[in-house]
Amino acid sequence: DSDPVGFDSLDLNERRGRSTDAELDRRDGTRTSEALTPAAAARDEFQEELVIRPLHSGDIYASFQFRTLWDTDFLQEGQKVSHYRLFPKSLGQVLSKFSVRELHISFTQGFWRTMQWGQPFIPSPPGAELWVWFHDTVSDVDGNWKELTNVLSGIFCASLNFIDLTNTVQPSASFKPLGLGNATDHRFLRYATLPREIVCTENLTPWKKLLPCGSKAGLAVLLKSEKLFHSSFHSQAVHIRPVCQDEQCTSKAWELRQTLNVVFDLYTAGQGKKEWSLFKMFSRTLTEACPLATSSKVYVDITDNPELFELSPATPLLSQAVVLGDRRTYSVYDLSRAETFGQLRSLNLLLRWKGDGEMLRPLLHAERYVAGFGLQTGEIHTVIYNNHPYRAFPVLLMDSVPWYLQLYIHTLTVTSKSRDNKPSYIHYQPAKDRHRPHLLEMLIQLPPHSMTEVTVQFERALLKWTEYTPDPNHGFYVGSSVVSALVPSMVAMNTNFTQDQPLFSSFVPVKEESSYFVRVYTEPLLVNLPTPDFSMPYNVICLTCTVVAVGYGSFYNLLTRTFQVDEPSLPLAKRLANLIRRIRGVPLLT
Amino acid sequence: MDYYNLLTTCAFIHLLVSIPYAYSNYVENKAGQFFSSGHTNNWAVLVCTSRFWFNYRHVANTLSVYRSVKRLGIPDSHIVLMLADDMACNYRNPKPATVFSHKNMELNVYGDDVEVDYRGYEVTVENFLRVLTGRLPPSTPRSKRLLSDDRSNILIYLTGHGGNGFLKFQDSEEISNMELADAFEQMWQKRRYNELLFIIDTCQGASMYERFYSPNLMALASSQVGEDSLSHQPDLAIGVHLMDKYTFYLLEFLEEVHPASQANMNDLFKVCPQSQCVSTPGHRTDLFQRNPGSVLITDFFGSVRKVEITKDTINLTSSLKPLIQRSGSGDMQIESLTYVDQLPVAEIIHQLTPDQFLVCSRRWTEQSVRVSPSVYVQPCEKPPYVDSSPSHAPLCCGG
C-alpha cells in the first residue's frame with residue numbers, strides 16, 4: 001500500500017470534488033447508486049506534474065505529465081458538444097468525428113537505453129507510433145483510420161499521412177485498451193509505426209498549443225526547444241482514453257494525458273559536471289503554477305539520497321509511491337503554494353552529485369539486431385532478458401516487419417538457455433506484397449535468470465524503381481518490436497486508485513498486487529535493400545556515346561579519308577644552304 | 001479700416017472652411033490608396049527542394065523568407081511551408097533545433113514557433129503542383145492546402161538546385177519551366193490568385209520564368225541563364241554554407257521593411273546587384289498589369305486585413321438543447337465500469353484454435369513441418385487468396 005507520508009493538507013471539499021481513476025472493486029461488479037447531487041455540472045480538470053529522476057550515470061531524466069479531464073460523454077444520445085473549456089477543440093472534434101475510443105500517439109527522438117537508465121514511466125519507440133481503438137459502431141475501420149492519420153498529420157505537423165495499409169497492423173493480443181471498457185474485439189484496433197519520423201520544434205509547437213495554459217504559465221514554460229532537443233532522448237506523446245468520472249465509476253469521462261520525457265546527457269548538455277539545476281536543463285526557472293490547474297507539482301526522486309546527491313532548496317513535503325514495482329520516495333514541491341517559490345519568486349532546483357552508485361538491473365530487457373551478410377538474405381534476432389533470480393513470467397512479443405523483408409517462418413526458432421522454448425500462443429499473419437506487412441505475435445514464457453533468443457530468416461526483395469526513396473542508400477527502417485509483460489513486482493502494487501495518487505503512478509491500470517504491466521521496445525532495424533544505381537542511365541549514355549564515337553568514328557574516317565604524301569621538312573641548316581643555292585642558281589639539296 | 005477688417009474676416013472664414021475640406025480630401029486619398037491594390041488576403045508558398053546536410057543553405061533560405069513573411073503579418077494558416085529535409089534536428093547539427101542564417105550564429109531563423117506543413121519525403125513535384133492547383137485528396141488537412149481565392153495575392157518562393165529550364169526536387173526528380181507555367185495558368189483559370197509574385201533562388205533561375213504566359217505574374221530570379229547562384233558564407237562551427245547570396249541580401253532588405261512601409265517593387269529589383277551577388281538577378285514584369293513602382297512590398301510579403309465596422313446588432317439563437325443531467329435516479333442498479341486486463345494470459349492462450357495456425361510455404365518444405373505445438377508448415381497446393389481476418393484455411397506466405 002502506498003501511504004503518502006507528510007501529506008499536504010487539502011480542503012476536504014476540494015478532495016471530494018476531484019474525479020480521477022476508478023476504485024476497483026473485485027468483489028461485486030454492480031453497485032447501487034445513491035441519488036447524486038442534482039447540480040452535477042460538467043467539471044473539467046487539469047493537473048500538471050514534473051518528475052525528476054537522477055540517473056546513476058550522471059544523466060538526468062525529466063518527465064512532464066499534463067492531464068486534462070473532460071467531463072462529457074458525447075456518445076450518449078442527444079448530447080452535442082460545442083463547449084470546450086480545457087480540452088482542446090481540435091482533438092475533441094477528431095474524437096467525435098471518427099468514433100475513437102482510445103488514441104495513443106507518440107513522437108520520439110533517440111532510443112531509451114534500459115540498461116543504463118532503468119524503465120521509463122511511459123515507454124515509446126523511436127520515430128512516430130500511433131495506435132487507436134475505434135468504437136464498435138464503426139463500419140469501415142480502415143477508412144476511418146486513413147482519414148484519422150491525415151487529420152493528425154495536419155494537427156501535429158508530422159508526415160503521418162505515410163501511414164497506410166502497408167505499415168498498419170491489427171494486433172490480436174497486444175495493445176489492449178488502457179481505458180475503461182469490456183469488449184475488446186481486435187478488429188477495431190489499428191497500430192502503425194513510422195521509425196523514420198523526425199521530431200523537431202514543429203511538432204512541439206502544436207503539442208504545446210493543446211495545453212490549457214499553453215506555454216505561458218505553469219510547468220510548460222520550461223519546454224524550450226533548444227534545450228529539449230539537445231538531449232539523448234526526447235519523447236512527446238498524447239494519450240486519450242475514457243476513465244472513471246468519479247469514485248463510484250458509473251460513468252465515463254475523457255482523459256487527455258500529454259507526456260514529455262527527456263533525458264539530458266551529462267557530457268553534451270551537462271558539460272561533464274555532475275550537477276543539474278532546472279536552469280541548466282531548461283534555461284528557465286518556475287515562477288508560477290498554471291492558474292487553470294487544480295494541482296501543479298514537481299517531484300524529485302530522492303530514494304538514493306543522501307548517498308548519491310544532495311537537493312536544494314529543501315522541502316518538507318515528501319511522498320512515497322510504488323511505481324514500476326519499486327517503492328520510491330519523492331520530494332514534492334507544490335507550485336500552488338506561494339512559499340515554494342521563496343524570496344526570489346522563482347523556483348530553481350539544484351541537484352549536486354556526491355558519490356557514485358549502482359543501479360538495479362531492470363528485470364526485463366530486450367534487444368534486436370540483423371545478422372548475416374550480403375544483400376540477399378539475413379536473419380533477425382530478438383533477444384529478451386529475464387533478470388529475475390527465481391521467477392518466470394510470460395511476455396507477449398509483437399513483431400511487425402514490412403513486406404519487402406520476406407520472412408521464412410519455418411526457420412523461426414525460440415531458444416532459452418540453449419534449449420527450445422515453445423511459445424504457448426502464436427499468431428502469424430503473412431505479408432502480401434505492397435499491401436500488408438508481416439505480423440508475428442508470440443506468448444513466450446521466460447525462464448528465470450535467462451536469455452531468450454528468437455530468430456527468423458528473411459530474404460530481401462527488389463523493389464520497383466519508383467518505390468525507392470530519394471536517398472535509398474541510407475537503408476530502410478523496420479519498426480521496433482514490442483514486448484509486453486507482466487513483471488513480478490518486488491513491492492505490493494496498489495490496486496486502489498485514490499484521488500491523490502501522482503500521475504506517473506496512475507497511468508497503467510493495476511489489476512493485481514504482485515505484478516505490474518510494462519512494455520519494452522527494442523531498437524528499430526536499418527536494413528539495406530539491393531539498390532540499383534540510379535546514376536546508371538547517365539553512365540550508360542556516356543559509355544554508349546563514347547563507344548559510338550570511337551568505334552563508328554574511326555570506321556567512318558577509314559572509309560572516307562584520303563591520304564596524300566607530304567613533303568618532309570628540312571632542318572634549319574639545310575634550309576639556309578638552299579636559300580643561298582637558290583640565289584646562286586644551283587640545284588637544291590633534298 | 002472697415003474694408004481692411006472685412007478682408008481679414010473673409011480670409012479667416014475662408015481658411016476655416018477649407019481646413020476640413022482639405023482634411024477629407026486627405027482621408028479620401030488614403031482610403032483610395034487602401035483599396036487600390038484589389039486584394040483582400042495574402043498567401044505564401046515557400047519551398048525548399050534539397051535534401052542532405054550540405055544543402056543546409058537552402059533550408060536557411062526558405063526559413064528566412066518564412067520569418068520575414070510571418071513578421072510582416074501573414075499567419076501560419078496562410079503559409080504553406082515545404083522543407084525537403086530536416087536540418088534543425090539533424091544529428092549533424094551541433095546546435096539542435098536551430099538553423100542559422102548569419103555566421104557566428106547571430107540569427108536563428110528556425111525560431112520557436114515554426115510550423116512546417118510538408119516535410120521530408122512529402123516534398124515532391126506532384127505535391128507541389130497539387131498544392132498550387134488545389135487538386136488534393138479529400139482527407140488533406142487545412143494546413144496543407146492553399147485555400148486562395150480570386151482576391152488573394154500569393155508569394156511563391158523556390159530554392160534549391162536548378163539548371164536551364166528545370167529545378168531539382170530532392171535529387172530524384174525535376175520540375176520544368178513549362179510545367180510551372182501550366183500550373184500557374186491552371187491557377188489563373190480557376191481564379192486562384194489575384195496577383196502572384198514568384199521568386200526563385202537557384203542556378204540559372206531566370207530560365208524558370210521564361211515560359212510564363214498567365215496574366216498578373218511578376219517574377220524575380222537570382223541569376224540569368226548561364227550563370228550560377230553562389231552561396232554566401234560558411235560557418236566553421238557548423239561546417240556548411242549558411243545562406244545563398246541573393247537570399248542573404250534579400251533578407252537584409254526585408255529586415256528593414258515593416259508593415260506600414262512604403263517600399264515598392266523597384267527597390268526589390270535593386271536588391272543584390274552584380275557587385276554583391278556575382279550573378280545578375282533578373283526580373284520579369286511584362287505580364288503584370290500595374291506599374292511595379294506602385295506595388296508595395298507589403299502587398300505580397302505582408303498581410304492585409306480589411307475590417308468592416310458595422311453598427312447593426314445580430315441576434316445569436318442557440319439551437320442546442322441543454323445538457324442532460326448525468327445523475328442516476330433512486331435505486332437503479334448501475335454497473336460500475338472496469339479497466340481491461342492488459343495481459344490476460346489464459347485468455348490469449350485459448351483465443352484461437354490450432355486449426356488457424358496452418359501456414360503454407362511455397363519453396364522450402366516438401367512435407368508438413370511442425371514448428372510449434374500449434375503451428376504447422378505445409379507446402380502450398382492451392383493458389384493464395386486474399387483474406388483479411390484469421391480464418392480456418394491455410395495462409396500462404398508472401399512471395
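Residue numbering restarts at 1 for every chain, and letters A, B, ... go by the order of the sequence lines.
Formation of a donor-acceptor pair under 3.5 Å by the A:Asn161 side chain with backbone atoms of A:Asn150 is not found in this model. Side-chain N or O atoms of A:Lys511 include one that pairs as donor or acceptor with a backbone N or O of B:Tyr339 at under 3.5 Å. When atom types are taken as modelled, the side chain of A:Glu102 and the backbone of A:Gly179 share a donor-acceptor pair closer than 3.5 angstrom. The closest donor-acceptor contact from the side chain of A:Ser159 to the backbone of A:Phe162 lies at 3.5 Å or more, if one exists at all. The backbone N or O of A:Leu223 sits less than 3.5 Å from a side-chain atom of A:Lys208, completing a donor-acceptor pair.
When each of A:Lys227, A:Glu226, A:His230 is paired with B:Pro96, the side-chain contact (heavy atoms from CB on, under 4.5 Å) condition holds for A:His230 and for no other.
The contact between B:Pro344 and chain A is made entirely by side chain atoms (from C-beta outward), counting heavy-atom distances below 4.5 Å. With a threshold of 4.5 angstrom between heavy atoms, B:Asp171 does not approach chain A through any atom at all. Neither the backbone nor the side chain of A:Val414 has a heavy atom closer than 4.5 Å to any heavy atom of chain B. At a 4.5 Å heavy-atom cutoff, B:Tyr118 makes no contact with chain A through either its backbone or its side chain. Of the atoms belonging to A:Ala485, it is backbone heavy atoms, and not side-chain ones, that fall under 4.5 Å from chain B. Proximity to chain A is absent for every atom of B:Phe169, based on heavy atoms less than 4.5 angstrom apart. Using a 4.5 Å cut-off between heavy atoms, A:Leu443 contacts chain B through its side chain alone, with no backbone atom that close. Of the two parts of B:Asn108, only the side chain, counted from C-beta on, holds a non-hydrogen atom closer than 4.5 Å to a non-hydrogen atom of chain A. Both the backbone and the side chain of B:Ser139 come within contact range of chain A, with heavy atoms under 4.5 Å apart. Looking at A:Phe534, there are no atoms closer than 4.5 Å to chain B (heavy atoms on both sides), in backbone or side chain.
Side-chain polar atoms of B:Asp112 and A:Ser225 form a donor-acceptor pair below 3.5 angstrom. Between the side chains of A:Tyr516 and B:Gln342, no donor N or O sits under 3.5 Å from an acceptor N or O. For the residue pair A:Asn203/B:Arg119, the side-chain donor-acceptor check at 3.5 Å is satisfied. A:Arg434 and A:Tyr404 form no side-chain donor-acceptor contact under 3.5 Å, judged by distance and modelled atom types alone. A side-chain N or O of A:Tyr425 and one of A:Ser172 form a donor-acceptor pair less than 3.5 Å apart.
Residue with the most contacts toward chain B among A:His435, A:Lys146, A:Glu147, A:Glu197: A:Glu197 (heavy-atom pairs, distance under 4.5 Å). Ranked by non-hydrogen atom pairs under 4.5 Å with chain A, the options B:Lys95, B:Gln170, B:Arg142 are led by B:Gln170. Contact tally against chain B (heavy-atom pairs below 4.5 Å) for A:Ala173, A:Gly181, A:Ser231: the top residue is A:Gly181. Here B:Glu122 is the residue among B:Glu122, B:Lys144, B:Glu115 with the most heavy-atom pairs under 4.5 Å with chain A. Listed options B:Pro138, B:Pro141, B:Ser143 were ranked by heavy-atom pairs under 4.5 angstrom with chain A; first place goes to B:Pro141. Counting heavy-atom pairs closer than 4.5 Å to chain A, the top residue among B:Asp113, B:Thr140, B:Asp117 is B:Asp113. With chain A as partner, the option from B:Val345, B:Thr98, B:Leu81, B:Asp341 having the largest number of non-hydrogen pairs under 4.5 angstrom is B:Asp341. Of the listed residues (A:Val151, A:Thr149, A:Leu178, A:Thr184), the one with the most heavy-atom contacts under 4.5 Å to chain B is A:Leu178.
Using a 4.0 Å cut-off between charged nitrogen and carboxylate oxygen, A:Asp142 and A:Arg436 do not count as a salt-bridge pair. Ion pairing between B:Lys70 and B:Asp76 holds under the 4.0 Å rule for side-chain N and carboxylate O.
Applying a 4.5 Å heavy-atom cutoff, the residues of residues 43-56 of chain B that approach chain A are B:Arg51, B:Phe52.
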Walk me through it: do A:Phe156 and A:Phe107 pass the test ring pair (Phe, Tyr, Trp, His ring centres under 6.0 Å)? CA-CA 10 Å; A:Phe156 291 106; A:Phe107 297 96; 5.7 Å; yes
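Closest approach of A:Leu396 to A:Glu441, counting heavy atoms only: CD2-OE2, 4.5 Å.
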